[in-house]
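To start, the structure itself, in structure tokens.
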Amino acid sequence: MSDKNYALQLDGLSKRFGHFLAVNNVSLNVREFGIHGIIGPNGAGKTTVFNLLTKFLSPTSGTIRFQGKDITALPPVAVARQGIVRSFQISAVFPNLTVLQNIEVALQRQAGLASQFWRSRQVLGRLRERAFELLRAVKLEKFAGVEAKSLPYGRKRTLEIATTLAMEPKLLLLDEPMAGVGHEDIASISELIRSLADRHAIIMIEHNLSVVATICDQITVLARGEVIAEGPYAEVSKNPAVREAYIGGADA
Amino acid sequence: MTTTFEPNTITTTPKRTTTISRRLPAVGVVALLILALVAPYYFYPFLLMKLMCMALMAASFNLLFGYGGMLSFGHAAFIGSAAYIAGYAAKEMHLSPILAIILGMAAATVVGWLFGLVAIRRRGIQFAMITLALAQLVYFIFLQAPFTHGEDGLQDIPRGTVLGFLNLGNSLTMYYFILAFTVAGFLFVYRMVNSPFGQVVIAIRDNEARATSLGYNVHGYKLAVLMIAAAIAGLGGALKALLFQIATLNDATYLASTEVVIVAVVGGIGTMVGPIAGAAAVVGLDWFFAESEFPVMVINGLVFMACVLLFRQGIVGTIAAAFEKRRAQGTEESKDA
Amino acid sequence: MNDLFNALLPQFFLGLVNGSIYALLSVGLTVIFGLLRIVNFVHGAQFMVGAFLSYLLLVYFGIGFWWSLVIAPLVVGLASAAIERTMISRLYNIDHMYGLLFTLGLTLVLEGLFRYWFGSAGRAYVVPESLSGVVNLGFMYFPRYRLFVVVASVVLCLGTWLLIERTRAGSYLRAAHENPQLLRTFGINVSLLLTATYAFGAALAAVAGTLAAPIYQVGPFMGTHIMVVVFAIVVIGGMGSVKGTIAASFLLGIAETVTKIAFPQAASMAVFVIMAALLVLRPEGLFGRQESTR
Amino acid sequence: MIRKTAAALAVLAALTGPLMADENTIRIGVLTDMSGPFADIVGQGAVESVRLAVSDAGGKVNNKPIEVIFADHQNKPDVALSILRQWYEERGVDVAMEFTTSTVGLAAQALTRSANKVALPLGPATSDLYGAKCSPNSVVWGMDNYAFGNAAPKVVVKRGGDKWFLLVTDYTFGHQLQELVTNLVTSEGGKVVGAVRHPLGTPDFSTYLLQAQSLGANVIAFINSGNDMSTSIKQAREFGLNTKMQFVAPAFQIPNALALGLTVGQGVIVTNSVYWDQSDVTRAFSKRFMEKMKKVPSENQFMAYAAVQHYLKAVGQMKSHTDGKAVVEQMKKMPVSELDFKGRIRKDGRVIYDLNIASVKAPAESSGPFDVYKLTGKVPGDEGFVPEDKTGCTF
């Protein structure tokens, strides 16, 4: 059944809230490397798909396979430990920790430095080299000592991507990485994400279609919880069903 | 002493002010310790001992709420169970005071674990209400259990002797005994908050979903914090039982929980010395208004309201913020939150 | 079997009476929480003040029960509006905990002051003449006044539910909570709307107080105990769900009464046990919705 | 560092030393509930009574001025004990009184004994104060479970109330009283048809009341106190139980009657230790008391006056007040004759005085807001209180 070339395979995934079918029979195949975009009008169920993937919600039916293994029944923590790490629609940093500490928290667990309550925080110094490496990669090294809550929005997003990378993920789930980012930062974040695609599988929900057009290898279009089109951008953008969904959804 | 042990003051950025900001807390701690050592000669030691017990309870609340983000309205359950068990151990089982205290803390930890089983998946206000309700259940158990002697309470708990020769019946000996435990308790909290574990706990408080997505077993960490906090509140309760030589239902009522909340908030949430300042304020108010005809309750309520409205950072937090501001003005152009 | 039924039926009705008071209190609490995100700890004290006002109106002004039922909630509502305007409104944009803590402080002040002024033993408010006496329900004689309380409570609770869920004002309220900015662009005075909501919730507590005055003893601490129970009910009903809260109130009123027969000492604990069990088995509460995304 | 601290300590210790209380003043400390549920029964009124007693003694005894201090313990034992300790250790208090609750009373009595001062408990109702936990430094004035439960119920059985239902507060106080009343009713030939224990602070008693009704009781005993008592009596009337049953409330006190009102309270039979309208002496005292407090004194507030007066007489005879145990021994030698409390103090510290049986008046029988009791009988003190050989007191 499973194909080793796919990082992630969704098969017939559905989620029902009461009478409302938020995700309806969604099947997806995501390759091992490259960027897979998910687009669709508001309320199409994109974020719900992410929540199902990371098990923040449990699916009503369907299966999720990661690298050939069925992970449908795993709890969120176990999913994260498999190497599926998500970023959030609203930037998800730890606001009261410094930029450096944000990275440290992401590194701590793998380094076995997470539950020592009897040692000073000084021992985290040994993670510093790796942490600064990550910060340099996203050009945040100058802000290491700044509390995350005082960073401008675009920088919060890059910090978030850096902490995500610290997890050495196999699959990154980026939920609207460009939302709220000023246009001066869009190019650099796009570039950052593109550069990750050589070594990681990335699924990205994004509204900014020009970004999607430039960096995504493969696109899935969702509307009312269902997949209505799939393929490269050029192909998908010509699909009349997609146009209708977007125009029909514009005033909803 | 002005550190808020929010991690920001312990960052690594080389600033001109770092040496001062590093030394100031150290100087403060030494000053506070010296003050604590000589205080019984100046102030009524009994009150100071009570103050320390309350400070420990508030430190526990502060750990749970200020660092762990869990608002507990059920501290009475931890305090009460530790007081009763420690009292019972000392009085009926004739155990040494230290053993009695350890047993009391263990009891509180178990209660904390049980609370966690029901409440740990809840956040914010739900967590608060659930702990309140669970504490009522614990109260009921103590009311019904024969060994607590109902409203008469466990009377005449012996203080005993430590190491065979330190007689705790002597009020100065008792004072230094409690002081030692209080210092140990606070050191423990300090170490924990400033440990790798503490960093993860703060991260979880800041953003639970993100911590989960980084692979942390969020509920496990929260449960651990809850149990540790219960143990520390239990330490306060057990010491209090030995100090007053009684353990009563009063320690288990929801009013005892709200008192802990008041002490911690008035002192300053998320600060190390806040609980001490808060305990001093509340014990002082109790004391001052005990002999007036005006109800203490009203005064406490007004102080508390003012704190929430105007000085949300509490006594210590407000003072620290003032220092911070002055320092910021001295170094760069004013920049504050 | 028939005996058991005959024994339980009266208890069922008694449970409804307590459930009615719980319902009025918890509906106000849940409306305030659902729309303002303030846990109104002072709700119990507002209940107490309502009861005391009715007593004072009767004793000092000779104003009877029916007028009290209007005046007491009005006074409590207006006073609460003033408090909301000057103080509570400053707490909306910070952590919800502070609302809870502030109202806790206010509770201490109110209870302390009423104790100071009126003593702790409380006062007895006699059942109004027009509602005194008992009704024959066939299987028992039931105090007429208690029957009235059940009816009044059901009417008020349903009214509140309709107001929130089925009217334009209600939809504004719900919108005010989710998107205040949008509502402002419609030209609606959001802060006034919030004040009105708070005043309404507090007034409901005062109505409950007035209704409870002839049944319970009017005293400064009458709200303390009942509030802990009502908090548990609100959790059971699913926080913020008006429908769930009403159902939970009546169910728990009855459950409590039944416990009074089986294990009287633990009657006041029944609610907490049910709450704990429910949280383990059904985390989102009786009627609460699972939170979707954050 | 350590050496320096030690030196500092030594210097300080030498400088301050323990604060010596001045022995030329007699200090009376009233440790009471000023703001909580019992404030009406004791509280400020008890303090006023003490002040009256002191001013009646001319403000001094043995040429030493008398000082009255008071404190609100908020019913918290830890607050109470901190205050009491400081009173004894630093403020030079010689006699502490009231205490309100059993928890505070027992702990305060133990502390008083170790400090060799004098304790005069008024509020606490546990008979342990002169029984298992008795102290040679205490004179126990207040009513206790035994006295409450012994007097009124006995009379009711004798009048033909033979089927009892007991509504009991689920506290040690209630349990003890329940046992006592049950034994008494049985031994007098009556029968307890049902009993139910309710939690403290119950708002609704109707379930229990219906039980009493269905069990066919002709007497219902309200073995509770404070608000619970008021609420349960009120609701019993609401359900019409008064038409079928005699209401007995052993621990009923005058503030309960005032809180309940006569419409609701009428007909309840109570045990009473002293009533303002029982004699010229009590009326005169009440008049003075009312000038300050605007209401008649409660039982405990009467006792506060009597207890202090008796204490001051003993100190006057002894010409000394410093040895608490000796003062108490002196007090035990002297007969009690303060206000209408006429009797003696037993070896175990129990004050013996006669008790009243009273019933609450109907509104039509009452001539004013404080005219609440109809006195219907007397119980001699030696019958009313626990016999001395049964208390189990050994110092």
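Convention: sequence-line order gives letters A, B, ...; per-chain numbering from 1. Not measured: the values here are computed from a predicted model.
Taking 4.5 Å as the limit, every side-chain heavy atom of C/Pro264 sits out of range of all side-chain heavy atoms of D/His198. Between C/His225 and D/Pro203 there is a side-chain heavy-atom pair separated by less than 4.5 Å.
In this structure a side-chain-to-backbone donor-acceptor pair under 3.5 Å is missing from D/Lys234 to C/Ala124. Checking side-chain atoms of C/Arg115 against main-chain N and O of D/Ala39 turns up no donor-acceptor pair under 3.5 Å.
Ranking C/Val17, C/Ile261, C/Thr257 against chain D, the residue ahead of the rest is C/Thr257, based on heavy-atom pairs under 4.5 Å. Chain D forms the most heavy-atom pairs under 4.5 Å with one residue out of C/Ile226, C/Val126, C/Asn18, and that residue is C/Asn18. Contacts with chain C were tallied for D/Gly265, D/Gly240, D/Gly36, D/Gly261; D/Gly36 has the most, counting heavy-atom pairs under 4.5 Å. Top candidate by heavy-atom pairs under 4.5 Å with chain D, chosen from C/Leu14, C/Val127, C/Ile21, is C/Leu14. Between chain D and the residues C/Gly112, C/Pro10, C/Pro143, C/Gly122, the largest count of heavy-atom pairs under 4.5 Å involves C/Pro143.
With a 4.5 Å cut-off on non-hydrogen atoms, D/Met229 does not touch chain C at all. When heavy atoms are compared at a cutoff of 4.5 Å, C/Gln265 approaches chain D by way of both its backbone and its side chain. Proximity to chain C involves both the backbone and the side chain of D/Asp204, based on heavy atoms less than 4.5 angstrom apart. For C/Pro220, no part lies under 4.5 angstrom from a heavy atom of chain D. Only the side chain of D/Tyr208 comes within contact range of chain C, with at least one heavy atom under 4.5 Å from a heavy atom of that chain. Using a 4.5 Å cut-off between heavy atoms, D/Leu210 touches chain C through its side chain atoms alone.
Distance check, rounded to the nearest 0.5 Å: OG of D/Ser232 to CD of C/Gln217 gives 9.5 Å. In this structure, C/Arg123 CZ and D/Ser230 OG are separated by 11.5 Å, a value rounded to the nearest 0.5 Å. In this structure, C/Phe142 CZ and D/Ser206 OG are separated by 7.0 Å, a value rounded to the nearest 0.5 Å. Rounded to the nearest 0.5 Å, atoms OH (C/Tyr216) and OG1 (D/Thr202) are 10.5 Å apart.
Considering all non-hydrogen atoms of both residues, D/Gln235 and C/Ile215 come closest at NE2-O, 3.0 Å.
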Give the C-alpha distance, both sets of side-chain angles, the deciding distance and a yes or no for side-chain contact (heavy atoms from CB on, under 4.5 Å) between D/Phe239 and C/Arg146. CA-CA 10 Å; D/Phe239 277 86; C/Arg146 289 189 180 228; 3.6 Å; yes
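Taking a 6.0 Å sphere around CZ of C/Phe61, one finds it holds 12 or fewer heavy atoms contributed by other residues, nucleotides or ligands. Surrounding NZ of D/Lys361 are more than 12 heavy atoms belonging to other residues, nucleotides or ligands, all under 6.0 Å away.
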